[in-house]
J.: 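Here it is, the structure in full.
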Number of protein chains: 4
Amino acid sequence: MSGSTPRRPRRHDPGRRDRLIDAALTVIRERGVAGTTHREIARTADVPLGSMTYHFASLDEVLAEAFTRHAALVARVFDERLSAARDRDAAVEAVISLVSDDLLGSQHDLVLSVELYVAAARNPALRAVTQAWMARSRQALERHFDATTARELDALIEGLVLHSALSTDPMTPGQIRHAIYRYLS
Amino acid sequence: MSGSTPRRPRRHDPGRRDRLIDAALTVIRERGVAGTTHREIARTADVPLGSMTYHFASLDEVLAEAFTRHAALVARVFDERLSAARDRDAAVEAVISLVSDDLLGSQHDLVLSVELYVAAARNPALRAVTQAWMARSRQALERHFDATTARELDALIEGLVLHSALSTDPMTPGQIRHAIYRYLS
Amino acid sequence: MSGSTPRRPRRHDPGRRDRLIDAALTVIRERGVAGTTHREIARTADVPLGSMTYHFASLDEVLAEAFTRHAALVARVFDERLSAARDRDAAVEAVISLVSDDLLGSQHDLVLSVELYVAAARNPALRAVTQAWMARSRQALERHFDATTARELDALIEGLVLHSALSTDPMTPGQIRHAIYRYLS
Amino acid sequence: MSGSTPRRPRRHDPGRRDRLIDAALTVIRERGVAGTTHREIARTADVPLGSMTYHFASLDEVLAEAFTRHAALVARVFDERLSAARDRDAAVEAVISLVSDDLLGSQHDLVLSVELYVAAARNPALRAVTQAWMARSRQALERHFDATTARELDALIEGLVLHSALSTDPMTPGQIRHAIYRYLS
DNA sequence: AATGAATGAGTATTCATTCAT
DNA sequence: TATGAATGAATACTCATTCAT
């Protein structure tokens, strides 16, 4: 308990707030929102507890910042994949690889997203984050698909990801491709 | 301090365990898994705190029982809707009404389901519950659709429900119908 | 810090709530309301911290109970002194000895009373306690004096006590007697 | 996070220490000594937190300065009222109007005074302030009354003020006048 | 001369769980 | 069989004060 902690003389530390947000994302991934506490984040970032409440007014603020960052990262991938597609066929491929490679590839972010959904159900501040995020991914899809299709496709992607996230036998890339093709055919 | 507590003389109370599970579901719905505590459940069921640990070995046991019951209720609706369908067309209508009426109709159970998904991500005992549930709804769909279609359809349903649950403008029944038709066409 | 605390195996302890209220009064006397914390009270009563919040919903509740008890004790002395007086002269003597002996005699209760006054200025629950107490002491005085005199006398008593409490040279019994005589002459 | 904080470019600011003392008095009035913190004072004065410990060695120093200023203000009113009185009758009127108008007129200073009394009970530095203050108001009274009368009158004033401060039905000016007349008759 | 950042001790409160009756 | 009392670990958050810039 004691003796193992090396001295930690780090008075001047610009960018600490930033590192704390990253640490929060790590903790949410590993322990869930329910297991995300000031202490756990501080420990993960190797920072004294008091530092948390210096940089953030409340734990909710930390969560909101963390999820905002997560949503921005995922949304960027969406944008990049879809803006790189030159025609509809390429867009379909982009969606498939988005789900197979980006979303399901990293167990990590997948759990994060689901955590965010649930947290948003109780926390209005977080709900704003999810909604902005949903809107942004829909817009990315609308580069290539009409509004109705974009919306439905977005829901299908959500379902495929969630299902795979929770299943013992998640869908293979081939199965993902099949489902999306079928819908978009 | 006195006078406000109504008498509660219920020493012999068969079925109390049962009522506690229902109370747990109520609390999960209203406060989320994170806000579900022995105390809150006991208060909701109007039962002394000590009664909780008398009937359940741990809070996790309570959660598992509660979610098992919830899953059974939802699965039953799935079964009933789909077994009532005489042909594929009727099955398609059944799926549509399942989503529009049963799942989205009651905000209640919708939140409950998402809560379960996330809780399952951390808790192996709960994961078994979700998986049994997923398997069962897939089976119900397989009465009318081939295995691949059933699986994909199940994911689509999930996505539509989740999306609507979190959106400020949830899909209308007409939009739900459109999405499912399109997929099954 | 450790090693000096003897085992404290006291699971069954009826009357604990009561002892906690007394402990709270002790702490208020010694440390002031500002220095009265759950921890300090628990330590004084030699009881685990968790016990405090088991018996009281909040620290304010503890304060209210403690001051209510204090007020009741002081009011009782008032009642006894004054009801023992057979005529007006005896009543005057009773008031004098009340101030000199009972109120100023014990530095203890004197500080307690002033603490209560200030706490009441911010805390409506405590204000109710002070007001009930004021009313009661006025009633006791009204056994022997008309309403106006009772009220004014009550204020004079307050002033004499407060002044003496804070002064480096508090009034002697003779001076107290002189002041009261002069007013009642 | 941004945009809401108005610019505050006040590097050179003589008289800041002074403004901080006034801000402290404001905070004590509104939140009590218990609620008076570096942060609250800095916020009230619209000054960075670090400025507090730059100008004052400790919070106690701030309190002492604040109360000293408060006592000086009240004492000045005492002096002015009483030095304006040309004879004993005028002095009696002066005392009455002191209590009715100056002390009870402004709820403000009334609470402040009582706060000071209690704080003084625990804090020797503050006790010196109250005692100097008491001495000074007694001196003012001694311009017109003998030493014993001055002392007793001072206590009566204290009692009338405290009583009125805490009562739901504070004394009317007429009642104040009656009490003081009776004592001085 | 002045301040934003940092920190560690402390606060009220919640809670799962244990235990004596 | 049932329960009120008890407990210790944990939680979010506050704050006086120190320090590097």
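Convention: sequence-line order gives letters A, B, ...; per-chain numbering from 1.
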J.: Output the rounded distance in Å from CG (Asp18(C)) to C1' (dA5(F)).
T.: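 Going from Asp18(C) (CG) to dA5(F) (C1'), I get 16 Å.
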
J.: Would you say Glu115(C)'s side chain and Val33(C)'s backbone share a donor-acceptor pair under 3.5 angstrom?
T.: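 Yes; at least one donor-acceptor contact below 3.5 Å.
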
J.: Return the minimal non-hydrogen interatomic distance between Leu112(D) and Ile28(D), and the atom names on each side.
T.: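 For Leu112(D) and Ile28(D), the tightest heavy-atom pair comes out as CD2-CG2, 3.6 Å.
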
J.: Please tell me if the side chains of Leu63(A) and Asp60(A) come closer than 4.5 Å, counting only heavy atoms from C-beta onward.
T.: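 Sidechains of Asp60(A) and Leu63(A): in contact.
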
J.: Quick test of your reading of the model: are Asp18(A) and Arg69(A) salt-bridged, counting only N-O distances below 4.0 Å?
T.: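 A salt bridge is present here (some side-chain N lies under 4.0 Å from a carboxylate O).
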
J.: Return the value, rounded to whole Å, for the distance between atom CZ of Arg17(B) and atom C1' of dT1(F).
T.: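 So the CZ-C1' distance, Arg17(B) to dT1(F), works out to 16 Å.
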
J.: Please state whether the phosphate of dT14(E), meaning OP1 or OP2, lies under 4.0 angstrom from any side-chain nitrogen or oxygen of Arg43(B).
T.: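 For Arg43(B), the contact criterion (side-chain N or O under 4.0 Å from OP1 or OP2 of dT14(E)) is not met.
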
J.: Provide, to the nearest angstrom, the distance between the CG atom belonging to Asp46(C) and the P atom belonging to dG8(F).
T.: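 After rounding, the reported distance stands at 11 Å.
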
J.: Before giving the answer on side chain to side chain contact (heavy atoms under 4.5 Å, CB included), spell out for Phe56(C) and His38(C) the whole-Å C-alpha distance, their side-chain angles and the decisive distance to 0.1 Å.
T.: CA-CA 10 Å; Phe56(C) 306 93; His38(C) 276 138; 5.8 Å; no

J.: So, Arg31(C) side chain and Thr26(C) main chain: donor-acceptor pair closer than 3.5 Å or not?
T.: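 Checked: no pair found.
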
J.: Examine the base of dA16(F) for any acceptor or donor lying under 3.5 Å from a partner atom in the side chain of Arg39(D), and report the outcome as yes or no.
T.: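 Between dA16(F) and Arg39(D), which were checked side chain against base, a qualifying N/O pair under 3.5 Å is present.
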
J.: Does Gly35(B) or Pro14(A) map to a spot on DNA chain E nearer the 5' end, using the closest nucleotide for each?
T.: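 By nearest-heavy-atom nucleotide position, the 5'-most residue is Pro14(A).
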
J.: What is the distance, rounded to the nearest whole Å, between atom CG of Leu63(D) and atom P of dC15(F)?
T.: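 The distance from CG of Leu63(D) to P of dC15(F) comes to 14 Å, rounded to the nearest Å.
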
J.: To the nearest Å, give me how far apart CD1 (Ile41(D)) and P (dT3(E)) are.
T.: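 About 16 Å, once rounded to whole Å.
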
J.: Hey, which sits more toward the 5' end of DNA chain F by its nearest nucleotide, Thr36(A) or Gly50(B)?
T.: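 Counting from the 5' end, the first nearest nucleotide belongs to Gly50(B).
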
J.: Testing the basics here: between Ala66(B) and Ala24(B), what is the closest heavy-atom pair and its distance to 0.1 Å?
T.: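 Shortest heavy-atom separation between Ala66(B) and Ala24(B) comes out as CB-CB, 4.1 Å.
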
J.: Of all the heavy-atom pairs spanning Val27(C) and Gly35(C), show the shortest one and how long it is.
T.: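 The pair with the smallest heavy-atom distance is CG1-O, 4.0 Å.
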
J.: In residues 114-121 of chain A, what residues come within less than 4.0 Å of DNA chain E, judged by heavy atoms?
T.: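 Residues of residues 114-121 of chain A under 4.0 Å from DNA chain E: none.
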
J.: With the threshold set at under 4.0 Å for non-hydrogen atoms, list the residues of residues 51-59 of chain D touching DNA chain E in residue-number order.
T.: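 Nucleic-acid contacts, sorted: Ser51(D), Tyr54(D).
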
J.: Taking atom C1' of dA9(E) as reference, at what distance in whole Å does atom CG of Leu49(C) sit?
T.: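 For the pair Leu49(C) CG and dA9(E) C1', the rounded distance is 15 Å.
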
J.: Between the main-chain N or O of Pro14(A) and the side-chain N or O of Arg19(A), is there a donor-acceptor pair closer than 3.5 Å?
T.: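 No; judged by distance alone, with no hydrogens or angles, the pair does not exist.
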
J.: Output yes when at least one side-chain N/O atom of His38(B) is less than 4.0 Å from OP1 or OP2 of dA16(E), else no.
T.: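 It does, given that an N or O in the side chain of His38(B) lies less than 4.0 Å from OP1 or OP2 of dA16(E).
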
J.: Can you see which heavy atom on Ala119(C) is nearest to which on Leu126(C), and at what distance?
T.: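 Looking at all heavy atoms of both residues, the closest pair is CB-CD1, 3.5 Å.
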
J.: Taking all non-hydrogen atoms of both residues into account, name the closest pair between Val129(B) and Ala64(B) and its distance.
T.: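 Taking every non-hydrogen atom into account, CG2-O, 4.4 Å.
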
J.: With pairs taken as Watson-Crick or G-U wobble and both distances under 3.5 angstrom, which stems of at least three consecutive pairs involve DNA chain F?
T.: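 Detected stem regions: E:2-21 with F:2-21.
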
J.: Could you check how far CG of Asp60(D) sits from C1' of dC15(F), rounded to whole Å?
T.: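 After rounding, the reported distance stands at 14 Å.
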
J.: Step by step, would you call Ile41(A) with Leu59(A) a side chain to side chain contact (heavy atoms under 4.5 Å, CB included)?
T.: CA-CA 10 Å; Ile41(A) 298 170; Leu59(A) 193 53; 4.3 Å; yes

